[in-house]
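Written out below as structure tokens is the structure these notes cover.
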Number of protein chains: 2
Amino acid sequence: MPHHLKSTDQLPIGQVAERSGVTISAIHFYEREGLIFSTRNAGNHRQFSRDVLRRLAFIRASQRVGIPLANIKEALDELPLKRTPKEADWAKVGKQWHKVLSAQIEYLVRVRDDLSTCIGCGCLSFQRCQLVNPDDAMSTEGPGARRLQPGTPRPDRT
Amino acid sequence: MPHHLKSTDQLPIGQVAERSGVTISAIHFYEREGLIFSTRNAGNHRQFSRDVLRRLAFIRASQRVGIPLANIKEALDELPLKRTPKEADWAKVGKQWHKVLSAQIEYLVRVRDDLSTCIGCGCLSFQRCQLVNPDDAMSTEGPGARRLQPGTPRPDRT
DNA sequence: ACTTGACCTCAACTTAGGTTGAGGTGCTTT
DNA sequence: AAAGCACCTCAACCTAAGTTGAGGTCAAGT
């Protein structure tokens, strides 16, 4: 039996990558960024506890709905680090997302409906439409790609 | 009357920026990327026709729902360039978005509901959940920030 | 003894969507 | 004539979320 397939509750990075579908380089990156953690074995190889798979799943799921890593980290920071997180812990973390998602869904629905009525009707050229004048929520900030961010303020545009 | 406030149907970039809420540098950028167009006056200053305001509104609205500029450009390329686009032209453009948005809304709703049931129930650790195993739509690709992209294939993860 | 495989580090590169700054033009107003 | 303003170009920089590659370690198999 090769050493990287030993059946302990610790997984080597290759196994984690394979089981989670996350590349090794991304796992390194998430660890650097403090979203996941590992210990090292004698040969300085990372050993991941099994619940890293859940964390990775949570990270990927959250990303797929547009939440930036920084916010995902904040959410994960709520998880107990000393013991393996239980259902209740994950549920608490998920709760925050529920609100964010609901807001985003609501926003998308409004935009979709505006696209049917508002663009067609011509108000897109003026300052009335929700679409055009989105001073309410989900705004942009700074340089770089825009994403769904849980409650950030708007920058000035002068 | 200052020269930059002349009442023609051509707008200088400062006016466009002010009326649209888009920074001058972003307008430059959009023009470089071919999303908007201008002519030049005697002093080499950009002159924008009034319907650039609609284009900008469309660009911003589309960005706010997560559509990348490249796709927005594709959509805008459908607009007539010779004449000022009319309602019907915009409606056609908006139609494509409607589908994209509906798909995304559906996806978000599913994730939101999964977050209530699925994370709590523990299946997040295994390969069953929609959340965890999103092989159906809306996937990630390449380096850089991830966004909502109308129909792109998945990369290999080897 | 040597190659293979899994892993390590660190630095540099990538894409998207811009921003920032340096240096220049040309009109108007003082 | 000097200052101010609106604009121009071009190059460099920025963030996010990683990827890529060079060079190195360590254990197992041939």
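Not one side-chain nitrogen or oxygen of A/Arg46 sits closer than 4.0 Å to the OP1 or OP2 atom of C/dC7. Regarding contacts with the backbone of D/dA17, every side-chain N or O of A/Arg60 stays at 4.0 angstrom or more from both OP1 and OP2. Close to D/dC8, at under 4.0 Å from its OP1 or OP2, lies no side-chain N or O of B/Arg32. One finds a side-chain N or O of A/Gln63 lying less than 4.0 angstrom from the OP1 or OP2 phosphate oxygen of D/dG18. Note on B/Tyr30: a side-chain N or O is less than 4.0 Å away from OP1 or OP2 of C/dG18. Considering only side-chain N and O atoms, A/Gln15 lies nowhere under 4.0 angstrom from the phosphate OP1 or OP2 of C/dA6.
Summary of the strand contacts: A/Ala42 and B/Asn44 both lie near DNA chain D, and taking for each the nucleotide with the nearest heavy atom, the more 5' one is attributed to B/Asn44.
The distance between atom CD of A/Glu31 and atom P of D/dT19, rounded to the nearest whole Å, is 15 Å. Atom CZ of A/Phe29 is separated from atom P of D/dT15 by 13 Å (rounded to the nearest Å). One interatomic measurement links the two molecules: CD1 of B/Ile67 to P of C/dA16, which rounds to 16 Å at whole-angstrom precision. The CZ-P distance, from B/Arg40 to D/dA6, rounds to 18 Å in whole Å. Atom CZ in A/Phe48 sits about 10 Å away from atom P in C/dC7, given to the nearest Å. Protein atom NE2 of B/His45 is 13 Å distant from nucleotide atom C1' of C/dT28, rounded to whole Å. Counting to the nearest Å, the C1' atom of C/dC7 and the CD atom of A/Glu18 are 15 Å from each other. Rounded to an integer number of Å, the gap from CD1 of A/Ile59 to P of D/dG18 is 9 Å.
Counting only heavy atoms from C-beta on, B/Ala26 has its side chain closest to C/dG18 among C/dA6, C/dG18, D/dA6. In the set D/dA17, C/dG18, C/dC7, the nucleotide with an atom closest to the side chain of A/Pro68 is D/dA17. Residue A/Ile24 places its side chain closer to C/dC7 than to any other of D/dC7, C/dG17, C/dC7. For B/His28, whose side chain is taken as the heavy atoms from C-beta onward, the closest listed nucleotide among C/dG18, C/dC8, D/dC8 is D/dC8. The side chain of A/Ser25 has D/dT20 as its nearest neighbour among C/dT9, D/dT20, C/dA6. Closest contact between the side chain of B/Thr23 and the listed nucleotides C/dA6, C/dG18, D/dG18 involves C/dG18.
Using modelled atom types, one side-chain atom of B/Arg55 and one backbone atom of B/Leu35 make a donor-acceptor pair closer than 3.5 Å.
Taking each heavy atom of B/Arg50 and B/Leu11 in turn, the nearest pair found is NH2-CD2, 3.7 Å. B/Ile24 approaches B/Ile13 most closely through the heavy-atom pair CG2-CD1, 3.7 Å.
Backbone-only engagement by B/Gly14 is indicated by non-hydrogen atom pairs under 4.0 Å involving sugar-phosphate atoms exclusively.
The closest side-chain heavy-atom distance from A/Ser102 to A/Gln104 is not below 4.5 Å.
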